[in-house]
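Read the structure below first, then the notes.
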Amino acid sequence: MDSSDIGTPAHFTVADGGFLPTAYAQSHWGADHLNGPAVVGLAARALESECDSPDFHPARLTVDLVRAARNALTTVEVTVVRDGHRVRSTQCDIVQRGTLVARATLIRYRRSSAPPGELWTNGQSFPPAPEPDDSVLPYVGSDAVGWTRSPGEHQNDSRKRFFNDGIEVLAGETNSAFVRAAVVAEATSLVTNLGTRGVGYINGDLTVAFSRLPVDDWIGIQADSHHAADGVAVGTATLFDSRGPFGSGMTTAVANPAAQIDFSARDFQPGSINYE
């Protein structure tokens with residue numbers, strides 16, 4: 001599907017019995033591949049739609065990207081694993097052509113009051129975020145450059161960050177705060193794996209945990225750590241909004257130099273807004 005076929009930018013449209021990816025869901029890793037934010041967003045939407053409750057907070061979402069999702073009819077299957085008084089767990093399978101492409105698990109905790117006492121915090125700081133606008137292009141930032149609209153200007157070895165509101169997962173349906181945060185959290189891979197030659201690690205999962213949900217439409221994510229050995233990388237990042245940090249993302253990734261994404265050779269325009 002061409003991105004002009006839908007009005008507001010979105011990753012999927014409703015199809016008979018499932019969802020069809022749009023041009024906005026396409027990945028730079030290869031032809032006919034879907035990007036991580038599209039898959040994560042679809043899983044987050046399904047889990048929240050089937051299992052939402054105002055008394056329970058969505059604390060941890062883990063999405064295992066089992067195999068490359070393609071430009072094909074996509075279905076979701078949600079299963080309740082545990083429906084407890086304080087803890088609830090649900091699972092979502094994303095299926096294409098009868099094959100599992102991703103499996104997600106959502107853990108929710110019943111909301112309550114905090115226990116007494118003070119705890120250690122690491123005193124993180126975040127640079128002032130750019131002013132949100134009507135463009136669908138995200139902001140990418142690094143300590144060496146500041147904020148711009150293209151990741152190609154941040155192929156350096158300094159700390160990276162990302163600022164975005166996340167386009168609609170499903171055309172015509174506004175993302176909830178939870179879904180929006182999950183979509184932006186997939187940029188954990190980008191901010192931790194973007195180096196001087198682009199991105200050469202492809203993440204096979206995302207785990208994101210929230211102490212609260214974001215209060216803003218535009219959300220930031222900033223790299224915390226990157227560890228790599230023998231072609232395997234682990235990256236962590238912190239999500240933040242105008243009130244400060246509210247969650248953490250973690251990805252594991254495997255070296256994929258044959259499909260290295262060199263952003264400096266690409267011109268990013270609306271319709272190509274996802275950077276992986």
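These numbers come from a predicted model, not from an experiment.
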Using a 3.5 Å distance criterion without hydrogens, assess whether the side chain of Thr196 forms a donor-acceptor pair with backbone atoms of Gln155. no
Check whether any side-chain heavy atom of Gln91 lies under 4.5 Å from a side-chain heavy atom of Leu47, and answer yes or no. no
Which residues share a salt bridge (charged side-chain N to carboxylate O under 4.0 Å, His left out) with Arg111, sequence neighbours left out: none
Donor-acceptor contact present, side-chain Asn175 to main-chain Ile167, <3.5 Å: yes
Can you name the nearest heavy-atom pair linking Val76 to Ala46, along with the distance? CG2-CB, 4.0 Å
Among the clusters formed by ILVMFWY side chains lying less than 4.5 Å apart, do Val78 and Ile94 turn up in the same one? yes
Non-hydrogen side-chain atoms of Tyr139 and Asn164 separated by less than 4.5 Å: no
For Thr251 and Ser189, does a side-chain donor sit closer than 3.5 Å to a side-chain acceptor? no
Side-chain contact test, heavy atoms from C-beta onward, threshold under 4.5 Å: evaluate it for Ile221 versus Phe126 and give yes or no. no
Distance-only polar pair, side chains of His11 and Thr22, donor-acceptor under 3.5 Å: no
Keeping the roles fixed (side chain from Asp205, backbone from Leu65), state whether a donor-acceptor pair exists under 3.5 Å. no
When you compare the side chain of Pro214 with that of Phe246, does any pair of heavy atoms fall below 4.5 Å? yes
Would His33 and Ser27 count as having a side-chain donor-acceptor pair, cut-off 3.5 Å? no
hydrophobic_cluster_shared for Trp29 and Val140, side chain cutoff 4.5 Å: yes
Return the OG1 to CZ distance between Thr192 and Phe162, rounded to the nearest 0.5 Å. 12.5 Å
Roughly how far, to the nearest 0.5 Å, is the OG1 atom of Thr8 from the OH atom of Tyr24? 9.0 Å
Stepwise, does the side-chain contact (heavy atoms from CB on, under 4.5 Å) test hold for His57 with Leu213? CA-CA 9 Å; His57 169 70; Leu213 294 179; 4.3 Å; yes
Compute whether any side-chain donor of one residue and acceptor of the other, for Thr105 and Thr62, lie under 3.5 angstrom apart. no
Run the numbers on Asp262 and Arg197 for salt bridge (charged side-chain N to carboxylate O under 4.0 Å, His left out), then give the verdict. CA-CA 6 Å; Asp262 182 358; Arg197 300 281 295 276; over 6 Å; no
Out of the candidates Asp143, Leu194, Val145, only one should pair with Asn156 under the side-chain contact (heavy atoms from CB on, under 4.5 Å) rule; please name it. Val145
Any side-chain donor near an acceptor of the partner, Asn203 and Glu186, under 3.5 Å: yes
Can you give me the closest heavy-atom contact between Pro58 and Phe210, atom names plus distance? O-CD1, 3.6 Å
Is the backbone of Val199 close enough, under 3.5 Å, to the side chain of Asn193 for a donor and an acceptor to pair up by distance? no
Ignoring hydrogens, what is the shortest heavy-atom contact between Tyr201 and Ala228? Give both atom names and the distance. OH-CB, 3.5 Å
Heavy-atom pair with the smallest gap, counting every atom of Thr236 and Ser225: OG1-OG, 2.5 Å
If the plane angle is over 60° it's perpendicular, under 30° parallel, otherwise tilted; pick one for Phe12 and Phe19. perpendicular
Would you say that Ile202 contacts Val254 through its side chain, given a criterion of any heavy-atom pair below 4.5 Å between the two side chains? yes
Electrostatic pair Asp133-Arg149, nearest N-O below 4.0 angstrom: yes
Intermediate values then yes/no, side-chain contact (heavy atoms from CB on, under 4.5 Å), Val179 and Glu48: CA-CA 8 Å; Val179 171; Glu48 184 179 48; 3.5 Å; yes
Non-hydrogen side-chain atoms of Val183 and Val40 separated by less than 4.5 Å: no
With no hydrogens and no angle check, is any side-chain donor or acceptor of Gln96 less than 3.5 Å from a backbone partner on Thr75? no
Are there more than 12 heavy atoms of other residues, nucleotides or ligands under 6.0 Å from atom OH of Tyr109? no
For residues 116-125, tabulate all N or O donor-acceptor pairs below 3.5 Å that involve a side-chain atom, not counting sequence neighbours.
| residue | atom | partner | partner atom | Å |
| --- | --- | --- | --- | --- |
| Asn122 | OD1 | Gln124 | N | 3.4 |
| Gln124 | NE2 | Asp224 | OD1 | 3.1 |
| Gln124 | NE2 | Thr238 | OG1 | 2.7 |

Is it true that a side-chain atom of Lys160 and a backbone atom of Gly141 form a donor plus acceptor pair closer than 3.5 Å? no
Is there a donor-acceptor contact under 3.5 Å from the side chain of Asp32 to the main chain of Asn71? yes
Is there a side-chain contact (heavy atoms from CB on, under 4.5 Å) between Val234 and Met250 once you walk through the steps? CA-CA 7 Å; Val234 177; Met250 185 187 79; 4.3 Å; yes
Does a side-chain heavy-atom distance below 4.5 Å link Val87 with Ile107? yes
On a heavy-atom basis, which atom in Ala72 and which in Leu20 lie closest, and how many Å separate them? C-CD2, 4.2 Å
Is a side-chain donor or acceptor of Asp216 paired with a backbone partner of Ser242 at a separation under 3.5 angstrom? yes
Is any side-chain heavy atom of Pro21 less than 4.5 Å from a side-chain heavy atom of Gln26? yes
Just by modelled atom types, is the Arg161 backbone N or O under 3.5 Å from a matching donor or acceptor in the Trp147 side chain? no
If you look only at pairs with a residue in residues 96-109, which of them pass as a salt bridge (Lys or Arg N to Asp or Glu O under 4.0 Å), with sequence neighbours excluded? Asp93-Arg103
Heavy atoms only: give me the nearest Phe56-Gly84 pair and the separation to one decimal. CZ-O, 3.8 Å
What is the distance from atom CG of Leu106 to atom CD of Glu50, rounded to the nearest 0.5 Å? 12.0 Å
Give, for atom CG of Asp165 and atom CG of Asp134, the distance between the pair rounded to the nearest 0.5 Å. 9.5 Å
Find the distance between CD1 (Ile219) and CZ (Phe240) and round it off to the nearest 0.5 Å. 10.0 Å
Are Thr188 and Leu206 close enough, and set up right, to give a side-chain contact (heavy atoms from CB on, under 4.5 Å), and what steps lead you there? CA-CA 8 Å; Thr188 299; Leu206 168 71; 4.1 Å; yes
Is a side-chain donor or acceptor of His226 paired with a backbone partner of Ala233 at a separation under 3.5 angstrom? no
Hydrophobic clustering (ILVMFWY, side-chain heavy atoms < 4.5 Å, transitive) - are Val169 and Val14 grouped together? yes
Hydrogens and angles aside, do Arg88 and Thr90 bring a side-chain donor and acceptor to less than 3.5 Å of each other? no
Value rounded to 0.5 Å, distance of SG in Cys92 from CG in Leu42: 7.0 Å
